[in-house]
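To start, the structure under review is shown below, and the notes come after it.
Residue numbers begin at 1 in each chain, while the letters A, B, ... track the order of the sequences.
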2 protein chains.
Amino acid sequence: MSPDDQRPIDAETALADSPAGHKDELRLWLRLLTTTTMVEAEIRRRLRVQFATTLPRFDLLAQLQRAGPLTLGEVSRRMMVSNGNVTGLAARLEAEGLIERRVNAADRREQSLRLTARGRREFARQSAAHEGWVAELFAGLGPADQAALHKLLGRAKASISAALREEAT
Amino acid sequence: MSPDDQRPIDAETALADSPAGHKDELRLWLRLLTTTTMVEAEIRRRLRVQFATTLPRFDLLAQLQRAGPLTLGEVSRRMMVSNGNVTGLAARLEAEGLIERRVNAADRREQSLRLTARGRREFARQSAAHEGWVAELFAGLGPADQAALHKLLGRAKASISAALREEAT
DNA sequence: GCCCGATAGTTTAGGCTTCAACCAAATCGG
DNA sequence: CCGATTTGGTTGAAGCCTAAACTATCGGGC
């Protein structure tokens, strides 16, 4: 650790040396992050200008479309966001008439969310466009590269999951 | 384009068929996104519990550490965020005594940001820990896989950049 | 029947982020 | 020199997001 590194690190040497040679992982992570950020920013931008919506709204609709009615908690887990977050998101989508809530009579704590007819219609339009955008952004990557990247990302996910489980011990 | 796709897509067929077979790209993108999200969430969490700070703050300090004094606009471009965002971020970091601002005498619109002594000290601690976390999360990925992933992400970035340039036409 | 712990959601406070409108300083063309 | 444009930065409104505290309901043990 020794956090007393007071050398006047200049721009050149900034990323050059390291205590344990973890620079490669760092470079990999930064590249992964910028790649994702670029795609995400473009998708957010297009959702806004073409459909006047946002990525979180789109994601929630996608969950309902794919999995049918879901409780707030299920949506929260699937989207990997806090439940408080889903509360607000669902409120906005409900106000826009894209989803509706229904309290579970058997367990009155639960309420399930489902798409309205209008929500299904809107999402179908957005979803088709979205799929095209993604294809367009990755069009420069050949099928073999795409497959290889998919596989390696799977291994990366496994590595990360393992590290997270380890930590939870 | 023809966004009038009105079929009542049900949950089963949701991801099953597609107009042009762009499902593979979509799957690739979703995997890329979740991988990044998992790492990012963990880094945010550790920054919060171990250093009571946030990822954007850390990123801004990193920019200054690596590149020396920068104007707000330069930071904005490097971090790929809006300039209004940097205004607030810099205000908080200045209030915490980690950075300081200095108006450029030659062009009084500009002001450069630089780390304070305390900022350098704090960032050195955080940075060392951060590097270790990233290495830990990717530890399950062998050097060959890491290198391959890095290369493929480079190609993906090139593809995305090309698509964005195309669009700007 | 009643308390107790667990679970589903909401609320609150605070930070991050964007866009669009704005202000101030610099630059450029005439 | 001076108006028009550009550039650097700030502000305001709105949405997203989290952690932590809270409310309501359910289930089980006694």
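Using a 4.0 Å heavy-atom distance criterion, B:Thr71 is classed as a sugar-phosphate-only contact.
Near-neighbour residues of DNA chain C inside residues 44-55 of chain B, defined by a heavy atom below 4.0 Å, number-ordered: B:Thr54. If you check residues 84-102 of chain B against DNA chain D, the residues with a heavy atom closer than 4.0 Å are B:Gly84, B:Thr87, B:Arg101, listed by number. For residues 104-112 of chain B, proximity to DNA chain D is found at B:Arg109, B:Glu110, B:Gln111, defined as any non-hydrogen atom under 4.0 angstrom from a strand atom.
Ring centroids of B:Phe51 and B:Phe58 are separated by 6.0 Å or more, keeping the two rings apart.
Judged as a side-chain contact (heavy atoms from CB on, under 4.5 Å), and not counting sequence neighbours, the contacts of A:Arg31 are A:Thr35, B:His150, B:Leu153, B:Lys157.
The CG atom of A:Asp145 lies 4.5 Å from the CZ atom of B:Arg155; values are rounded to the nearest 0.5 Å. Between the CG atom of B:Leu141 and the CG atom of A:Asp24 there is a distance of 12.0 Å, given to the nearest 0.5 Å. A distance of 11.0 Å separates CZ of B:Arg66 from CG of B:Leu61, quoted to the nearest 0.5 Å.
Taking for each of A:Val81 and B:Gly73 the nucleotide of DNA chain D with the nearest heavy atom, the 5'-most of the two is the partner of B:Gly73.
Straight-line distance from the CD atom of B:Glu40 to the P atom of D:dT18: 11 Å, rounded to whole Å. Rounded to an integer number of Å, the gap from A:Arg57 CZ to D:dC16 C1' is 10 Å.
Contact check on A:Glu74 versus A:Arg78 returns no salt bridge, with no Lys/Arg side-chain nitrogen under 4.0 Å from an Asp/Glu carboxylate oxygen. Taking 4.0 Å as the cut-off between side-chain N and carboxylate O, B:Arg27 and B:Glu25 do not count as a salt-bridged pair. A salt bridge is defined here as a Lys NZ or Arg NE, NH1 or NH2 lying under 4.0 Å from an Asp or Glu carboxylate O, and B:Glu42 with B:Arg45 meets this definition. With respect to A:Glu136 and A:Arg46, a salt bridge is recorded, a charged nitrogen being found less than 4.0 Å from a carboxylate O.
The nearest pair of heavy atoms linking A:Trp133 to A:Ile43 is CZ3-O, 4.1 Å.
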Practice task
Take B:Arg44 and B:Thr54 through the side-chain contact (heavy atoms from CB on, under 4.5 Å) test and state the conclusion after the steps.
Solution key: CA-CA 6 Å; B:Arg44 285 180 192 272; B:Thr54 67; 5.8 Å; no

Practice task
Please step through side-chain contact (heavy atoms from CB on, under 4.5 Å) for the pair B:Asn83 and B:Leu72, ending with a clear verdict.
Solution key: CA-CA 7 Å; B:Asn83 48 359; B:Leu72 293 185; over 6 Å; no

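Of the listed residues (B:Arg114, B:Arg118, B:Arg101), just one forms a salt bridge (Lys or Arg N to Asp or Glu O under 4.0 Å) with B:Glu94, and that residue is B:Arg101.
First and last contacts of DNA chain C with chain B, using any nucleotide atom under 4.0 Å from a protein heavy atom and ordered 5' to 3', fall at C:dG15 to C:dA26.
When base pairs are accepted only as Watson-Crick or G-U wobble with both N-N or N-O distances under 3.5 Å, DNA chain D takes part in stems of 3 or more pairs at C:1-30 with D:1-30.
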